[in-house]
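Here is the structure we will look at, set down as structure tokens.
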Amino acid sequence: MTVSRSPRVVIVGAGFGGLKAAQLLARSGVEILLIDRNNYHTFVPLLYQVAVAELEPEQIAYPVRRVLRRIPNARFMMAEVKRIDFAERVVETDDSAISYDFLILATGSQSQYLGVPGAREYTFPMKTLEEAVALRNHIFSCFEQAVREKESTQRQQLLTFVIVGGGSTGVELAGALIELIHGPLVKDYPTLDLQQVRVILLQSGDRLLAEFPQRLGDYTQKQLRIRGVKVHLQAKVSQVTPNAVHLQDGTTIFAETIIWTAGVEATLPPPTGELFPSTKGKVAVLPTLQLPNQPQVYAIGDVADVEYKGQPLPAVAPVAIQQGASVANNIKRRLRGLSPQPFRYKDKGRAAIIARNAGVAQTEKLTLIGFPAWFLWLGIHIYYLPGLRNSLLVVISWVCDYLFGDRFVCLILPQSTFSRHDIKVI
């Protein structure tokens, strides 16, 4: 006598899209297995605040198993996916092989270095908690070394921070870093000449926040410059060496800290050749988010190559969440014998924070700048942040920073310290 089992849905990746799909498949008659190399979900939009000591790492991480407690038909496996056998419908991890009836690839993204020599080896990426903590350690280590450094040129290099990439992450990091320097670090390092501290933002295009309307990019540039960030437009990086950024116009900027926020690319599980990669480095998918020739496999979030109004969808949480919901609903439809429906993106707008009381936001009907946009950004991120405890702790940290202008996690943690040469993009 054979015992029939429920259809198994394997989800690779516990990001925004993967978790949303798992939640919507609850009590749907399927067996859900969620696989991730970490046992926590990282709230990536706030990683930069960990790097500048505004938040603790634990405040933007949430245990995956706690999310799955409310999904009786779901279980979690902490593992590294080594290979996917599409012919046999098997996901191979470090020590096991898991068969699937439906597979959802939600493996997220990693830093994209655009073929710039030395960028991967000599810059700080910021896509994981480990990388954010490593950057925080490095920033404070530079100030500690600068206090002891007697040679002015070397001290200037220690106190120069270059951010490559003028998108939302680069802008938000630049504003938060300059506030850290002119706030807590002024008090903590009174013997340092802050005239030597430089935060430099390099943007290859002709304006910041290219995904926003022109006037919002202009406002952002003005606000950063008022606060002391040196913004360089049309600054294309040709090479990165251990302590310098070289631009195509021949300019060389010497800095001990070079942070790369210039772009992301999909993190694809092997074998990538069977995933039909698109020219953008993502996975080509059908309008239903299914893989061509693999109707039981879906790709969502930063992995999927999907366009909206002729432009690639941005690598942001709302896109992944909507795609996770679409795939979950399509799997339910297929279980009922119905055809899957194409994914339709609902653009709810976007927002970026610049610094205290300054932000930009754009929706279909509304454009905000200054304090209203800044406050809206805070509300959006608290709404999406998982876990009541995490939300309360983040709000408390923000309120303390706003009222007292201080940061309470200005720590150098030796056990989490990575050099630029040790960091591995995962």
Side-chain angles (χ1 to χ4, degrees), residues 44-49 51-52 109-116 119-120 122-127 131-132 135 139 160-181 198-240 244-249 251-253 255 257-265 280 302 311-316 349-356 358-362 367-370 373-374 377:
V44 175
L46 294 181
L47 269 178
Y48 80 93
Q49 294 197 2
V52 295
S109 59
Q110 58 190 5
S111 295
Q112 183 182 39
Y113 296 97
L114 306 172
V116 175
R120 183 181 298 274
Y122 304 120
T123 67
F124 283 92
M126 202 172 55
K127 292 294 294 179
E131 292 167 353
L135 178 56
I139 290 171
T160 298
F161 304 88
V162 176
I163 301 168
V164 182
S168 296
T169 302
V171 164
E172 291 171 353
L173 178 60
L177 182 55
I178 202 72
E179 286 188 334
L180 170 68
I181 292 168
R198 297 186 298 167
V199 176
I200 302 171
L201 180 60
L202 304 179
Q203 168 67 340
S204 61
D206 58 1
R207 64 188 179 93
L208 300 178
L209 299 180
E211 66 273 22
F212 286 80
Q214 174 78 44
R215 73 185 188 94
L216 298 188
D218 294 342
Y219 169 82
T220 299
Q221 180 178 330
K222 179 181 177 181
Q223 289 297 315
L224 287 176
R225 283 179 168 166
I226 287 173
R227 287 165 170 77
V229 177
K230 301 182 186 300
V231 179
H232 297 264
L233 303 178
Q234 303 285 11
K236 297 182 179 180
V237 177
S238 61
Q239 183 183 5
V240 181
V245 177
H246 306 270
L247 306 183
Q248 289 185 2
D249 64 4
T251 303
T252 298
I253 303 172
T257 308
I258 305 163
I259 307 166
W260 192 270
T261 67
V264 296
E265 62 184 7
K280 305 177 186 67
D302 298 352
Q311 297 294 326
L313 284 175
V316 294
R350 58 189 67 188
I353 197 171
I354 303 167
R356 179 177 304 189
V360 294
Q362 178 71 44
T367 299
L368 299 174
I369 61 172
W374 174 80
W377 183 96

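Here the structure is a predicted model, which means the values were calculated and not measured.
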What's the spacing between Leu177 CG and Leu135 CG if we round to 0.5 Å?
8.0 Å
List the atom of Val162, the atom of Val245, and the distance in Å for their closest heavy-atom pair.
CG1-CG2, 4.1 Å
Rounded at 0.5 Å granularity, tell me how far NZ in Lys127 sits from OG1 in Thr169.
7.0 Å
Distance from Thr220 atom OG1 to Glu172 atom CD, nearest 0.5 Å?
10.0 Å
Just how far is it from atom CD1 of Ile253 to atom NE2 of His246, taken to the nearest 0.5 Å?
10.0 Å
Taking the side chain from Arg225 and the backbone from Val231, do they hold a donor-acceptor pair closer than 3.5 Å?
yes
Heavy-atom pair of closest approach, residues Leu201 and Ala174
CD2-CB, 4.4 Å
Please walk me through it: do Leu216 and Gln362 pass side chain to side chain contact (heavy atoms under 4.5 Å, CB included)?
CA-CA 9 Å; Leu216 298 188; Gln362 178 71 44; 3.9 Å; yes
Does a donor on one side chain sit under 3.5 Å from an acceptor on the other, for Gln223 and Arg227?
yes
Where is the tightest heavy-atom contact between Glu265 and Ser111, given as atom of each residue plus distance?
OE2-O, 3.8 Å
Whether the side chain of Thr261 engages the backbone of Gly165 through a donor-acceptor N/O pair (distance < 3.5 Å, no angle test) should be reported.
yes
Check step by step if side chain to side chain contact (heavy atoms under 4.5 Å, CB included) holds for Thr160 and Thr257.
CA-CA 7 Å; Thr160 298; Thr257 308; over 6 Å; no
Looking at side-chain heavy atoms only, is the closest gap between Tyr122 and Ile258 below 4.5 Å?
no
State whether the side chain of Trp377 and the backbone N or O of Val360 hold a donor-acceptor pair below 3.5 Å, judged by distance alone.
no
Heavy-atom pair of closest approach, residues Gly170 and Ile163
CA-CG2, 3.9 Å
Please lay out, stage by stage, how Thr123 and Val116 fare under the test side chain to side chain contact (heavy atoms under 4.5 Å, CB included).
CA-CA 11 Å; Thr123 67; Val116 175; over 6 Å; no
Roughly how far apart are His232 NE2 and Gln221 CD, rounded to 0.5 Å?
10.5 Å
Please find the pair of heavy atoms, one from Tyr219 and one from Ala358, that lie closest to each other, and give the distance.
OH-CB, 3.9 Å
Donor-acceptor contact below 3.5 Å, side chain Glu179 vs main chain Arg356:
yes
Is a donor on one side and an acceptor on the other found under 3.5 Å between the side chain of Gln248 and the backbone of Ser238?
no
Heavy-atom side-chain contact between Ile353 and Tyr48 under 4.5 Å
yes
Do the side chains of Ser168 and Glu211 get nearer than 4.5 Å, heavy atoms only?
yes
Could you walk me through whether Leu208 and Leu233 satisfy the side chain to side chain contact (heavy atoms under 4.5 Å, CB included) test, starting with their C-alpha distance in whole Å, then the side-chain angles of each, then the deciding distance to 0.1 Å, before giving a yes or no?
CA-CA 8 Å; Leu208 300 178; Leu233 303 178; 4.1 Å; yes
Can you measure from CZ (Arg350) to CZ (Phe212) and round to the nearest 0.5 angstrom?
6.0 Å
Student check: side-chain heavy atoms of Leu247 and Val237 closer than 4.5 Å:
yes
